[in-house]
Amino acid sequence: MTQTMTNHAQELKNKIESKTALIGIVGLGYVGLPLADALHVGGLRVLGFDVDQSKIDQLDKGENYLKHLGADMTKRLGESDKFEATTDFTRLDEPDVILVCVPTPVGPHLEPDLSYVVQTAVDIGARLRHGQLVVLESTTYPGTTKGDFVPAMLKAAQANNRGNFILGEDVFMAFSPEREDPGRKSHTTTTIPKLVGGTDPVSTELACLTYAHGVSEVVPVSSAEVAEAAKIVENVFRAVNIALVNELKVVFDAMNIDVWEVIEAASTKPFGFMPFYPGPGLGGHCIPIDPFYLTWKAREHGCVTRFIELAGEINRGMPEFVIEKTAEALNDDSKSVKGSNVLVIGLAYKPNIDDTRETPAAEIIELLAERGAVVSYHDPHVPKFPNMRNYSFDMNSVDLDQRTLEAADCVVIVTDHSITDWDAIGQHAKLVVDTRNAMAKVSNVKARIVKA
């Protein structure tokens with residue numbers, strides 16, 4: 001049944017279609033910043049919000065704190081009279097549309113941490129006005145938009161005497177999952193199809209109209225819950241398949257079979273197979289964290305997600321496997337981990353970016369240090385070890401030169417950046433533990449290579 005638009009809805013629709021609507025984006029990180037640029041390029045006015053004043057300062061100067069996005073983006077935003085960024089959340093009553101791009105981490109027991117989402121809902125509710133559309137983009141479990149975000153927002157609105165609001169008539173709410181893939185230039189915010197599910201048909205329509213200004217394809221779904229679930233499915237699919245090849249890597253390693261060659265061989269089949277590749281563990285936000293949102297929510301409904309939890313267990317065990325392979329390789333050289341100089345190549349969780357969220361390199365460095373190794377790392381994208389939620393090291397990236405490589409008892413490849421001098425590693429390292437099959441592309445290798 002078609003839902004009739006109220007005056008508030010029609011006025012907002014007219015603003016969006018005429019590009020006079022002001023778009024607020026809460027959280028100017030890996031999701032919010034490229035989204036702000038995409039909508040800005042599409043002709044909309046954008047007001048960005050972030051709690052980090054240093055980000056605002058850099059944007060004002062046209063500097064990009066997310067290096068993989070390039071300086072052109074922030075220069076374009078900084079010089080535009082259609083973009084502004086602020087830490088002043090009392091201005092949340094100004095935007096006509098508010099897109100929420102805040103973190104959704106897990107706690108120490110892998111339980112969902114919705115504190116950033118709920119706090120943002122409270123902040124919006126405290127300034128809520130009639131005719132606003134709010135869209136949650138943060139990855140979460142199905143039911144968060146209606147069950148957590150909306151109640152917190154409306155309760156805050158009531159507590160701050162903002163008036164009475166009927167969802168779908170006075171204010172509008174939707175969920176649209178982020179699908180960012182940092183560092184992959186073939187897929188961008190503009191080209192990746194955008195799923196949109198509203199709490200009602202009008203909210204869905206308004207959100208779709210908004211995103212259509214900056215995204216080439218917008219895909220409406222029947223509800224916010226479907227959009228939330230679709231995002232979880234995308235990430236579970238990857239997590240489970242990566243866990244499968246990680247488990248096969250351990251099995252084939254025991255059989256002295258090269259798992260990389262096996263996957264390459266299997267990939268020649270033109271149907272019924274999709275290649276996934278093993279690694280030292282999972283990084284980023286989506287794959288190592290998001291599946292646990294579903295496992296937690298499933299228990300609330302009396303369901304046990306054994307398959308997903310097993311995949312998580314396998315993937316979380318990969319750094320330990322790397323350490324064991326490193327210890328065995330050093331032992332073959334009549335050395336122990338304790339006292340050995342170990343150089344870790346790559347701190348970012350994936351190639352060609354500076355993103356260290358949930359990077360397995362941090363755990364590998366910690367495990368090596370716990371065993372007494374003298375650890376250093378090389379990553380030109382991450383010159384200083386960042387402050388992380390679970391890890392803290394006073395370390396800077398070292399130069400990758402002949403002296404550094406010859407001084408290392410073992411080089412452990414965690415991330416295969418394209419700018420890394422792989423030839424130098426092959427020529428000057430004694431021992432290389434390769435978790436990414438990076439050395440396969442190097443000819444005339446003098447180092448001993450151990451795949452892990």
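Model, not experiment: these values are computed from the prediction.
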What heavy-atom pair brings [X] and [Y] nearest, and what distance separates the two atoms?
| X | Y | value |
| --- | --- | --- |
| D354 | H381 | CB-O, 3.2 Å |
| A207 | V196 | CB-CG1, 3.5 Å |
| D379 | A348 | OD2-N, 3.0 Å |

Between [Y] and [X], is there a side-chain heavy-atom distance shorter than 4.5 Å?
| X | Y | answer |
| --- | --- | --- |
| L99 | Y211 | yes |
| W260 | E264 | no |
| F149 | V134 | yes |
| L114 | S138 | no |
| V117 | T140 | no |

Donor-acceptor check, side chain of [X] to backbone of [Y], threshold 3.5 angstrom: yes or no?
| X | Y | answer |
| --- | --- | --- |
| S80 | K82 | yes |
| Q427 | N444 | yes |
| T204 | G198 | yes |
| D113 | S115 | yes |
| Y141 | P112 | no |
| D434 | N437 | yes |
| N352 | S418 | yes |
| T120 | Y116 | yes |

Would you say [atom1] of [X] has more than 12 non-hydrogen atoms from neighbouring residues, nucleotides or ligands within 6.0 angstrom?
| X | atom1 | result |
| --- | --- | --- |
| N387 | CG | no |
| K384 | NZ | yes |
| F307 | CZ | no |
| Q10 | CD | yes |
| F393 | CZ | yes |

Are E228 and T144 linked by a side-chain donor-acceptor pair shorter than 3.5 Å?
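Short answer, no.
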
Establish, from distance only, whether the side-chain atoms of T359 and T356 form a donor-acceptor pair under 3.5 Å.
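Not at all, the side chains of T359 and T356 share no donor-acceptor pair under 3.5 Å.
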
Do NZ/NE/NH1/NH2 and the carboxylate oxygens of [X] and [Y] come within less than 4.0 Å?
| X | Y | answer |
| --- | --- | --- |
| E363 | R316 | no |
| E309 | R299 | yes |
| K55 | D50 | yes |

Could you please spell out the steps behind the salt bridge (Lys or Arg N to Asp or Glu O under 4.0 Å) verdict for K194 and E137?
CA-CA 11 Å; K194 199 84 173 79; E137 290 218 3; 3.2 Å; yes

Return the [atom1] to [atom2] distance between [X] and [Y], rounded to the nearest 0.5 Å.
| X | Y | atom1 | atom2 | value |
| --- | --- | --- | --- | --- |
| I345 | Y377 | CD1 | OH | 11.5 Å |
| I323 | L367 | CD1 | CG | 5.0 Å |
| T139 | I232 | OG1 | CD1 | 6.5 Å |

Classify the ring geometry of H40 against F83: parallel below 30°, tilted from 30° to 60°, perpendicular beyond 60°.
perpendicular

Just say parallel, tilted or perpendicular for the rings of Y30 and H68, cut-offs at 30° and 60°.
parallel

Which residue, E178, R179, E180, forms the side-chain hydrogen bond (donor to acceptor under 3.5 Å, both in side chains) with T189?
E180

Apply salt bridge (Lys or Arg N to Asp or Glu O under 4.0 Å) to residues E300 and K297 and explain how you reach the verdict.
CA-CA 5 Å; E300 186 179 288; K297 192 65 176 178; 2.9 Å; yes

Could you walk me through whether R357 and D355 satisfy the salt bridge (Lys or Arg N to Asp or Glu O under 4.0 Å) test, starting with their C-alpha distance in whole Å, then the side-chain angles of each, then the deciding distance to 0.1 Å, before giving a yes or no?
CA-CA 6 Å; R357 292 175 298 171; D355 191 347; 2.7 Å; yes

Counterpart residues, ring pair (Phe, Tyr, Trp, His ring centres under 6.0 Å), relative to F276 (two or more places apart):
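Expected list: F237.
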
What's the verdict on salt bridge (Lys or Arg N to Asp or Glu O under 4.0 Å) for D96 and K15, showing C-alpha distance, side-chain angles and the deciding distance?
CA-CA 8 Å; D96 302 293; K15 286 183 179 181; 3.0 Å; yes

What residues, two or more places apart in sequence or in another chain, satisfy side-chain hydrogen bond (donor to acceptor under 3.5 Å, both in side chains) together with E406?
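Once residues adjacent in sequence are excluded, the partners of E406 under the side-chain hydrogen bond (donor to acceptor under 3.5 Å, both in side chains) criterion are Q402.
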
